[in-house]
Amino acid sequence: MKVRDVQHAVLPQTTVEERSRQGAVVALRRLLNAKVRPRNVEIYDSEAAPAFAERHGRRPQSEEEIREAFLMAPSYRLWSAANRSAQEMIWVSVGQPIYRDLDRMEAVTEELMHSPARRGSLTLDPSYDPSPEVADVDIHLQPGGYGMDRGENDVVAGALYELGGNVFSFGQGIGRGDSKAGVILRLLEEAFTGFKPARMLDIGCSAGAASAAYAAHWPDVEVHALDLGAGMLRYAHARAESLGVAVHFHQMDASSLTFEDDSFDLVVSHNLMHEIGEEKRQAMIRESFRVVRPGGVVIHQDVAIRNPPTLVHQVERDWDTHWNGEVHWATYATADLKADMIAAGFPADTVIEHDLAALSGMMNNRWYAISGRKPGQDNNG
Ligand SMILES: C[S@@+](CC[C@H](N)C(=O)[O-])C[C@H]1O[C@@H](n2cnc3c(N)ncnc32)[C@H](O)[C@@H]1O
């Protein structure tokens, strides 16, 4: 499997015009986020805090007051409105080719899902009611949300996630090489020398980009992956089959796994913690401890938005919570994840937070991860 620019049969075939529109959205978002957004904190000092002081006779003190002050600055409001619109434009730019090409995509999916040459599998659970805190919210404004399922052979949620991710990450999303799996493979090599799993689990896999990347890297490892949405999982399964890698996908809640105790050597999650609230996150971490075997490794990776230098930076960062449907952005960013890992059972001396460089060429140049190791005599995989 090629690492970058991954092409597979379930991707919609885009026209020149559609690619041009996507390119324009990428350019707009790059401008707004890489060039304009870094100035928001300066705008706070030069426009927002003075406007607040004029109205209230003092500087803003709390998070709420800082947010109120930001919204008093016309330059910030202009950026915020433009960024919200650009986010919505992502979904227009990818929704159009998906719905135009959907009959073909669904036919390919059906064929791949029932092919006798299948390498992996898909286990859907019709009795599962996807976790409402995620399924009922259009997180990062993705239309229909992660849990969308339009019936037999439906793959829209997965296609939106993969294509939207490419536009969202300035054209360098999951379909173009999964930075996150690559970063964790590098971490394993560097910090867990000699460790190699025989069976692994990817929790909250979405379109299965990381899961497929692990399966491609370790063809002899039994890779399992789970998510809550059937539309997402059908896409992930067909995508993996089209790429010729073996992944076993399951519809399951991250906070209540049906796998046996001690049944995986490696458990990972990528960008899941910021999508779920505190209770689900703590249960998910407890489950990752339960299902990993003694001596096995758990790594939960996510966005590097924790520990902003000031309260003003924190409020600026939390734009996504309020305007981008990222309901748990701030919950995750301020959580004591070390405490969660230790409470789940990981010995404190095995719990390590990592500040990781993305693979080269990625715009988002850092990732956060926290790892732990279940006590046990067999530490070498
Ligand atoms: C931001 S996406 C990350 C996807 C993928 N791991 C990646 O890095 O590209 C988070 C995923 O977690 C899934 N998710 C959220 N809550 C979940 C839950 N309670 N159980 C299972 N999956 C969940 C969502 O459906 C979504 O697909």
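Read the numbers this way: they start at 1 and go in the same order the structure lists the ligands and their atoms.
Residues Glu287 and Arg290 are paired through a salt bridge, judged by an N-O separation under 4.0 Å between the basic side chain and the carboxylate. At a threshold of 4.0 Å, the pair Lys180-Asp202 does not count as salt-bridged, since none of the basic side-chain nitrogens sits closer than that to a carboxylate oxygen. Checked for salt-bridge contact, Arg234 and Asp149 meet the test: a charged N lies under 4.0 Å from a carboxylate O. Asp265 and Arg199 are not joined by a salt bridge, as no carboxylate oxygen comes within less than 4.0 angstrom of a charged side-chain nitrogen.
Taking the six-membered ring where the residue is Trp, Tyr214 and His270 present parallel rings, their angle staying beneath 30° rather than reaching 60°.
In this structure, Lys374 forms a cation-pi arrangement with Phe289, its terminal cationic atom sitting closer than 6.0 Å to the ring centre and no more than 45° off the ring axis.
For ligand 1, the polar-atom distance check finds an N/O of His270 within less than 3.5 Å of one of the ligand's N/O atoms. Checked against a 3.5 angstrom limit, the closest N/O atoms of Tyr161 and ligand 1 fall inside it. Of the polar atoms of Asp253, at least one N or O is found under 3.5 Å from an N or O of ligand 1, judged by distance alone. Not one N or O of Ile203 is nearer than 3.5 Å to an N or O of ligand 1, by distance alone. Checked by distance only, ligand 1 and Asp202 stay at 3.5 Å or farther apart across all their nitrogen or oxygen atoms.
Across Gly204, Gly208, Ala210, heavy-atom proximity to atom 5 (C) of ligand 1 is greatest for Gly204.
Ligand 1 places these atoms under 4.0 Å from at least one heavy atom of Ala254: 18 (C), 19 (N), 20 (N), 21 (C). The contact set between ligand 1 and Met252, taken as ligand atoms under 4.0 Å from a residue heavy atom, comprises 20 (N), 21 (C). In summary, the atoms of ligand 1 found under 4.0 Å from a heavy atom of Lys180, numbered by their order in the structure, are 7 (C), 8 (O), 9 (O). Per-residue contacts place Ser206 under 4.0 angstrom from the following atoms of ligand 1 (heavy atoms of the residue considered): 2 (S), 3 (C), 4 (C), 5 (C), 11 (C), 26 (C), 27 (O).
Under 4.0 angstrom from ligand 1, the non-hydrogen atoms of Ile276 all belong to its side chain. Proximity of Glu275 to ligand 1, defined as any heavy-atom pair under 4.0 Å, is confined to the side chain (atoms from C-beta onward). Contacts of Cys205 with ligand 1, taken as heavy-atom pairs under 4.0 Å, involve the backbone alone.
The only member of His300, Glu353, His354 that meets side-chain hydrogen bond (donor to acceptor under 3.5 Å, both in side chains) when paired with Tyr368 is Glu353.
Every side-chain contact (heavy atoms from CB on, under 4.5 Å) that Ala135 has, sequence neighbours left out, goes to Pro130.
Counting non-hydrogen atoms of other residues, nucleotides and ligands closer than 6.0 Å to CZ of Arg119 gives a total of 12 or fewer.
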